[in-house]
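Accompanying notes for the structure given below.
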Amino acid sequence: MISLSEEVAIAGSPATVWPLLRDPALVAACIPGAALTASGEDGAYRGTIRVKFGPTVAIFRGEAKLAYDDAEQRCTIEGRGIDGRGASRALASGVVTASGARPGGVETTRLKCEGNFNVTGPLETFANAGGVHLARALLAEFAGNMARLAAERAALAPELTPAPDGPSPQPPPREAGRGSEQSQDTPVAAELHGGALLWRAFLGWFRQLFSAKGKAPKGKI
């Protein structure tokens, strides 16, 4: 079992960001290569993630059960996935919590992700060696996309403010996407290129390795 404990900053207040995190379709749209394909009862959702390694494209299918606590701005996740050939399987569980911060006077949402995941099959060795670093790189991509979405929604807010004694303005019409809950106006993250993401994950591991060496006590020469 591999443990993950990471924090990322998303520009915008929790009042703006949490409603976006509360929408599984928007969350999926901010994850590179991901798509929400179906939703069921009791907070269960199905989706896919498409990863491109040069000319090769791999598609992973998964299911997650989400439980939200709006008062604490927290989401509990239980998920499982399988690769396209059915050779590798993954199980994951975790908690995502949003809280406010003001670094340098700028209102920011701190997103804390804590959990565990386990991979079996051909991808097990890779997951054990670099799964955490890959998750960090993917989380950073997600945070950047979510920050842009929060900024766009904040910019639209004045346009949706009703005028005195006037009719309430309506948001743009939403059209359901094929086989998913994503609407026509829901942004879609860029395609996930495994090579580039793995390179960023490697750089993160490389920096962490040398940072750890730098903190180690010096021996005698």
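Numbers here simply count residues along the sequence, with the first being 1.
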Checklist entry - salt bridge (Lys or Arg N to Asp or Glu O under 4.0 Å): which pairs involve residues 114-129, sequence neighbours left out? => result K112-E114
Next on the checklist: As an exercise, state the distance from CZ of R148 to CD1 of I10, rounded to the nearest 0.5 Å.
Outcome noted: 11.5 Å
If you look only at distance, which donor and acceptor atoms sit under 3.5 Å apart when one is on a side chain in residues 74-84 and the other is two or more places apart or in another chain?
residue	atom	partner	partner atom	Å
R74	NH2	D69	OD2	3.4
R80	NH2	E63	OE2	3.4
D83	OD1	G86	N	2.7
D83	OD1	A87	N	2.8
D83	OD1	S88	N	3.2

Checklist entry - Closest heavy-atom contact between A11 and V17? => result O-CG2, 4.1 Å
Check residues 101-110 and write down every donor-acceptor pair under 3.5 Å in which the side-chain atom is one partner and the other belongs to a residue at least two apart or another chain.
residue	atom	partner	partner atom	Å
T108	OG1	V106	O	3.2
T109	OG1	G12	O	2.8
T109	OG1	S13	O	3.4
R110	NH2	E7	OE1	3.2

Checklist entry - Got a second to check how far N128's CG is from M1's CE, nearest 0.5 Å? => result 11.0 Å
Checklist entry - Below 4.5 Å, heavy atoms only, C-beta onward: do L26 and R153 meet side chain to side chain? => result yes
Next on the checklist: Can you confirm whether F142 sits close enough to V27 that some side-chain heavy atom of one is under 4.5 Å from a side-chain heavy atom of the other?
Outcome noted: yes
Next on the checklist: Are V95 and L138 connected into the same hydrophobic cluster when the rule is that any two of I, L, V, M, F, W, Y join if their side-chain heavy atoms are below 4.5 Å apart?
Outcome noted: no
Checklist entry - So, does N145 use its side chain to make a donor-acceptor pair with the main chain of E141 at under 3.5 Å? => result yes
Item to check | side chain to side chain contact (heavy atoms under 4.5 Å, CB included) between D70 and W18, worked out | outcome: CA-CA 9 Å; D70 292 315; W18 176 250; 3.1 Å; yes
Item to check | Partner residues of E6 under the side-chain hydrogen bond (donor to acceptor under 3.5 Å, both in side chains) criterion, sequence neighbours left out | outcome: R136
Item to check | Which residues share a side-chain hydrogen bond (donor to acceptor under 3.5 Å, both in side chains) with N118, sequence neighbours left out | outcome: none
Item to check | Shortest non-hydrogen contact between A9 and A143, atoms and distance | outcome: O-CB, 4.2 Å
Checklist entry - What are the two closest non-hydrogen atoms of T16 and P19, and how far apart are they? => result O-CD, 3.5 Å
Checklist entry - Where do P14 and S99 come nearest, in terms of heavy atoms and distance? => result CG-C, 3.8 Å
Checklist outcome for this item: Nearest heavy-atom contact between C30 and L149 is SG-CD2, 4.1 Å
Item to check | Flag for N116-S3: side-chain donor and acceptor within less than 3.5 Å | outcome: yes
Checklist entry - Minimum heavy-atom separation for A135 to L4, with atom names? => result CB-CD2, 4.1 Å
Checklist entry - Would you say T48 and T37 make side-chain contact, with heavy atoms under 4.5 Å? => result yes
Item to check | Non-neighbouring partners of R61 that pass side-chain hydrogen bond (donor to acceptor under 3.5 Å, both in side chains), sequence neighbours left out | outcome: none
Next on the checklist: I'd like to know if L91 and V96 are part of one continuous hydrophobic network [Ile/Leu/Val/Met/Phe/Trp/Tyr, side-chain heavy atoms within less than 4.5 Å].
Outcome noted: no
